[in-house]
4 protein chains.
Amino acid sequence: MWLSIDPRSAKPVYQQVVDGVKEAVAKGLLGHGDRMPSVRELAAEMTINHNTVARAYQELERDHIIEVVRGHGTFIAASRPRPDHEDRVRELSGRIRELLIEAHHLQLTDQDLLNLFRSTAEEWHRERRRVQR
Amino acid sequence: MWLSIDPRSAKPVYQQVVDGVKEAVAKGLLGHGDRMPSVRELAAEMTINHNTVARAYQELERDHIIEVVRGHGTFIAASRPRPDHEDRVRELSGRIRELLIEAHHLQLTDQDLLNLFRSTAEEWHRERRRVQR
Amino acid sequence: MWLSIDPRSAKPVYQQVVDGVKEAVAKGLLGHGDRMPSVRELAAEMTINHNTVARAYQELERDHIIEVVRGHGTFIAASRPRPDHEDRVRELSGRIRELLIEAHHLQLTDQDLLNLFRSTAEEWHRERRRVQR
Amino acid sequence: MWLSIDPRSAKPVYQQVVDGVKEAVAKGLLGHGDRMPSVRELAAEMTINHNTVARAYQELERDHIIEVVRGHGTFIAASRPRPDHEDRVRELSGRIRELLIEAHHLQLTDQDLLNLFRSTAEEWHRERRRVQR
DNA sequence: GTGGTCTAGACCACC
DNA sequence: GTGGTCTAGACCACC
């Protein structure tokens, strides 16, 4: 299964579902046109409440990650440039800013953080390649 | 003032205070030995409750960002290595991983993200230098 | 009930809750996976404010004694090694040092104190065995 | 000087003075008949408030560690068996009990704690011998 | 129903 | 004057 839920995490369960789907898509485990499990199927498989899954799907639809086709089911959407692209890049930049502050308090230099960035990216791509085989 | 509070933000007010102090320290606006406003002063200035400020100060003391001198006031602590340093670096790596996923959905390449990282860091340091003068 | 609160004690109420839970876990009255009373239940039972219990639970969660499952309840966590283990052992050593000084003023020899240590430990384990049955 | 004060400590300053005097006596740095600095002298030397020292001296007098001779000064008292000896031993036992609980959560066995006790006692006596020479 | 946050106002220990 | 604790009561997100 491309999703795992930790009910003890501080991250809300619905957010874990949203992030899990986004991660699976980014890894290529789910791609354009793939059928998603129904809200109730996924809820049963993860042993979580179906309302929680429904909320996650709503969020994913708003983000154009999935598409709901009435009477047919839910599918992974085609990835395409988003109208609010600039806003999102700005938001990403804000999160990088937070990393810089956190790194400062961990007494990491920018170079340390850059190295951590590089090694995390490499690890991430290794993982991607592994799951796709 | 080195702090601003947005009562409509999704981020809890006490967390905004914590993050605001950490940012001011990282920028060099506050440094070792500087006196912090008293709990009640800061509460009045930000028009928030003194309990909210007290909670933020307690969190900052636990994180060794500030030091409380009973009956005298609160001061910025000397920065020093933390015992759970490795845990925190791992957590930082997790947040970088989330950025990589988000970047994928924005159709940014790793190189794009690296460039964003670099420009954000530059901007951050420009800001730091500006406020320190 | 595995907890009792003395409102006249010099020890803060929230700290009494924290220590009471830690003692119950050490005694085996509470173990991994056991459900804790909800914040409001415990507050009602002890006739203290729910905020006070909430503060204690937050402290216990930070110490990895309990785990909060959002919207479901609070459970005793599995015990596991802590990253700041060495700091805590050093702190324990400091407390032993204080006992040695106190013992000196009570004109107890080190051997007396060692004997007191042994008899207290035996009594503690007897109590543990009794409550577990 | 046989006393050092850390204003940043969580321990109240007056308590640090009390404990510091008790430690100096236990180490043999101060002994029966030795003259204590006056409240104002000690306050000046430690750069703390004289009311704080006065409170510490009151506590030390109540504990029969020091004796105030009107018009002459303050002196270290002769150590002698105390009427509430049993109460104090019971209190000591309570503190040992707390150590046992803390040790449990640090996953130390009773034997580990006993070893820590022994090594702390050895270190303490080494320190005593060193300062007495 | 679960815990998390916040305000308002009180009282306390410490310095 | 400083921070720490507690109550009472409200509102919120999550499940």
Side-chain angles (χ1 to χ4, degrees), chain A residues 5 7 9-17 43 46-56, chain B residues 5 7-17 35-43 46-61 66-75, chain C residues 5 7-17 35-43 46-61 66-75, chain D residues 5 7 9-17 43 46-56:
Chain A
I5 297 295
S9 163
K11 194 192 272 189
V13 176
Y14 85 90
Q15 191 66 54
Q16 292 184 52
V17 176
M46 298 286 107
T47 56
I48 57 182
N49 193 289
H50 64 87
N51 292 316
T52 305
V53 179
R55 169 155 184 199
Chain B
I5 296 296
R8 270 150 303 145
S9 162
K11 195 191 271 187
V13 175
Y14 82 90
Q15 192 65 53
Q16 292 182 53
V17 176
R35 187 198 198 93
M36 295 283 291
S38 83
V39 163
R40 279 158 171 89
E41 268 169 27
L42 191 58
M46 298 287 110
T47 54
I48 57 181
N49 193 276
H50 64 90
N51 282 316
T52 304
V53 178
R55 172 161 183 194
Y57 276 24
Q58 278 168 29
E59 196 124 326
L60 285 163
E61 196 185 15
I66 64 177
E67 274 168 350
V68 172
V69 184
R70 298 287 195 100
H72 280 297
T74 300
F75 303 85
Chain C
I5 296 296
R8 269 150 305 145
S9 162
K11 195 191 272 189
V13 176
Y14 82 90
Q15 191 66 53
Q16 293 183 52
V17 175
R35 185 199 199 91
M36 296 284 289
S38 82
V39 163
R40 279 160 173 87
E41 268 169 26
L42 191 57
M46 299 287 110
T47 55
I48 56 180
N49 192 275
H50 65 88
N51 282 316
T52 304
V53 178
R55 173 162 181 193
Y57 276 24
Q58 278 168 32
E59 197 125 326
L60 286 163
E61 195 186 15
I66 64 177
E67 275 168 350
V68 172
V69 184
R70 299 289 194 97
H72 281 294
T74 300
F75 303 85
Chain D
I5 297 295
S9 162
K11 195 192 272 189
V13 175
Y14 84 91
Q15 191 65 54
Q16 292 183 52
V17 175
M46 297 287 108
T47 56
I48 57 182
N49 194 289
H50 64 90
N51 292 315
T52 304
V53 178
R55 169 155 184 197

Per C:Ser38 side chain, nearest of listed nucleotides F:dG4, E:dT2, F:dT2: E:dT2
Under 4.0 angstrom between B:Tyr14 side-chain N/O and E:dT5 OP1 or OP2: yes
Whole angstrom value for the distance that separates P of E:dT2 from CD of C:Glu67: 18 Å
Complement of E:dG3, any strand, by Watson-Crick or G-U distances under 3.5 angstrom: F:dC12
Proximal nucleotide (of E:dA10, E:dG4, F:dC6) relative to the B:Asn51 side chain: F:dC6
Residue closer to the 5' end of DNA chain E, C:Glu41 versus B:Arg40 (nearest nucleotide): C:Glu41
Option among C:Asn51, C:Val53, C:Thr52, C:Asn49 that satisfies the side chain to side chain contact (heavy atoms under 4.5 Å, CB included) test with C:Tyr14: C:Thr52
Nearest listed nucleotide, side chain of D:Val13, among F:dC15, E:dG4, E:dC15: E:dC15
Which atom of A:Ala43 lies closest to which atom of A:His50, heavy atoms considered: CB-CA, 3.6 Å
Any B:Gln58 side-chain nitrogen or oxygen under 4.0 Å from OP1 or OP2 of F:dG3: no
Gap between atoms CD and P, on A:Gln15 and F:dC15 respectively (whole Å): 10 Å
Atom-to-atom span, CZ of B:Phe75 to C1' of F:dG3 - whole angstrom: 12 Å
Heavy-atom pair with the smallest gap, counting every atom of B:Ile66 and B:Met36: CG2-CG, 4.4 Å
Validation row: C:Ile48, C:Val17 side chains within 4.5 angstrom (heavy atoms): yes
Sugar-phosphate only, base, or nothing, as touched by C:Arg55 at under 4.0 Å among non-hydrogen atoms: sugar-phosphate
B:Thr52, nearest nucleotide to its side chain (from E:dT2, E:dT7, F:dG4): E:dT7
Nearest-Å distance for atom pair CD/P, residues B:Glu59 and E:dG4: 12 Å
Sugar-phosphate, base or nothing in reach of D:Ile48, heavy atoms under 4.0 Å: nothing
Shortest non-hydrogen contact from C:Tyr57 toward C:Leu42: OH-CD2, 3.6 Å
Residue C:Pro12, side-chain heavy atoms: nucleotide from E:dG3, F:dC6, E:dC15 that is nearest: F:dC6
For atom CE of B:Met46 and atom P of E:dT7, their distance in whole Å: 13 Å
Residue whose nearest DNA chain F nucleotide is more 5′ - B:Thr74 or C:Lys11: B:Thr74
Value in whole Å for how far the P atom of E:dC14 lies from CD1 of D:Ile5: 14 Å
Residue pair C:His72 / A:Pro7, side-chain heavy-atom distance below 4.5 Å: no
Whole-Å gap separating P (E:dG4) and CD (B:Gln16): 19 Å
Pairwise 5' ranking along DNA chain F for B:Pro37 and C:His50, keeping only the more 5' one: B:Pro37
Which nucleotide in F:dC14, E:dC15, F:dC15 has an atom nearest any side-chain atom of A:Asn49: F:dC15
